[in-house]
Amino acid sequence: LGALDGGIDGITLSAGIHQGSFKLIADHPRFRDAKLGIIVSSLRALRIFLRSANRVDRLPDYIIVEGPLAGGHLGFDETWRESSLEDIVREILAYLKENNLQVPVLPAGGIFTGGDAVKYLQMGASGVQLATRFTVTRECGIPQSTKQVYFRATDDEVVVNNVSPTGYLMRMLTS
């Protein structure tokens, strides 16, 4: 509510099952004005969210679909290697089309090249979300020494583990 009170233009609900999130802010005067998005990692999670959003008659303004190659917390269990962003996006796009829901979809996690982005746009995505690639830019506020860790990292230093206090798996650098 504080973000809406402060005049924020939009809120992206982080990965997780947000069954009651829209209901918590539904009475706010800016509930229908601010852009509200959701991050999901499966059609199942999206369906759960949409059922609860339907109760307050408010669809998300966009859906970010994070795949198993996303950085940070993952919306997957130990079977994350069996999933692919492409399959999840295809499934979500088909579901939205079947249900005549016009919500922009933005794939994220594992998009490395312009060709990767084009593939998702050709599938019907409205755009893509990129993050890790920008952690080493001049504009990013992380220390230069941390940026150098990214530059020196090898594939085997990118790991998925369960050291997060949330209990969710996380992708991180071991360096």
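On a predicted model such as this, the values are computed, not experimentally measured, just so you know. Only this structure's heavy atoms are used, side chains among them; waters, hydrogens and symmetry mates stay out.
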Problem - Main-chain N/O of I92 paired to K97 side chain as donor or acceptor, under 3.5 Å - result: no

Exercise for the section: Under the side-chain contact (heavy atoms from CB on, under 4.5 Å) rule, what do N161 and L169 come out as? Steps first, then yes or no, please. Expected result: CA-CA 5 Å; N161 62 37; L169 293 177; over 6 Å; no

Completion exercise
Residue pairs passing the ring pair (Phe, Tyr, Trp, His ring centres under 6.0 Å) test with at least one member in residues 21-45, sequence neighbours excluded, are F22-F31, F22-F49

Practice task
Taking the side chain as every heavy atom from C-beta outward, state whether L85 and L69 have any atom pair closer than 4.5 Å.
Solution key: no

Completion exercise
Sorted by chain and number, sequence neighbours left out, salt bridge (Lys or Arg N to Asp or Glu O under 4.0 Å) with D61 holds for R58

Exercise for the section: Check whether any side-chain heavy atom of L173 lies under 4.5 Å from a side-chain heavy atom of V149, and answer yes or no. Expected result: yes

Exercise for the section: Using modelled atom types only, decide if a donor and an acceptor are shared between the side chain of R47 and the backbone of Y95 within a distance under 3.5 Å. Expected result: no

Exercise for the section: For residues V40 and I64, determine if any side-chain heavy atom of one lies less than 4.5 Å from a side-chain heavy atom of the other. Expected result: no

Handout entry: Pairwise side-chain contact, M172 with V159, heavy-atom cut-off 4.5 Å (strictly under)
Key = yes

Can you give each donor-acceptor pair under 3.5 Å made by side-chain atoms of residues 118-127, sequence neighbours left out, with the distance rounded to 0.1 Å?
residue : atom : partner : partner atom : Å
K119    : NZ   : E86     : OE1          : 3.3
Y120    : OH   : E86     : N            : 3.4

Practice task
First locate atom CZ of R44, then atom CD of E91, and finally report the distance between them rounded to the nearest 0.5 Å.
Solution key: 12.0 Å

Handout entry: Results of side chain to side chain contact (heavy atoms under 4.5 Å, CB included) for L59 - residues two or more places apart only
Key = L50, L101, V103

Exercise for the section: Rounded to the nearest 0.5 Å, what's the gap from CD on Q102 to CG on L96? Could you check? Expected result: 8.5 Å

Practice task
Answer with yes or no whether the side chains of T154 and E157 bring together a donor and an acceptor at under 3.5 Å.
Solution key: yes

Handout entry: Min side-chain heavy-atom separation I142-T135 under 4.5 Å
Key = yes

Practice task
Rounded to the nearest 0.5 Å, what's the gap from OG on S41 to CH2 on W80? Could you check?
Solution key: 13.5 Å

Practice task
List the atom of T137, the atom of K147, and the distance in Å for their closest heavy-atom pair.
Solution key: O-NZ, 2.6 Å

Exercise for the section: Indicate yes or no: at least one non-hydrogen side-chain atom of V160 is less than 4.5 angstrom from one of M170. Expected result: no

Problem - From L36 atom CG to S21 atom OG, the distance as rounded to the nearest 0.5 Å - result: 10.0 Å

Handout entry: T12 and Y62 side chains, donor-acceptor separation under 3.5 Å
Key = yes

Exercise for the section: Would you indicate whether the side-chain heavy atoms of L130 and I111 approach each other to under 4.5 Å? Expected result: yes

Fill in the blank from the handout: Residues pairing under salt bridge (charged side-chain N to carboxylate O under 4.0 Å, His left out) where one sits in residues 23-38, two or more places apart or in two chains, turn out to be none

Exercise for the section: Using the test salt bridge (Lys or Arg N to Asp or Glu O under 4.0 Å), find all partners of D87 that sit at least two apart in sequence or belong to another chain. Expected result: R90

Problem - Donor-acceptor pair, side chain of D116 and main chain of T113, under 3.5 angstrom - result: yes

Practice task
Report whether L46 and V56 are members of the same hydrophobic cluster (ILVMFWY, side-chain heavy atoms less than 4.5 Å apart, transitive linking).
Solution key: yes

Problem - Student check: side-chain heavy atoms of P107 and Q129 closer than 4.5 Å - result: no

Exercise for the section: Calculate, to the nearest 0.5 Å, the distance between atoms CG and CD1 belonging to L43 and I48 respectively. Expected result: 10.0 Å

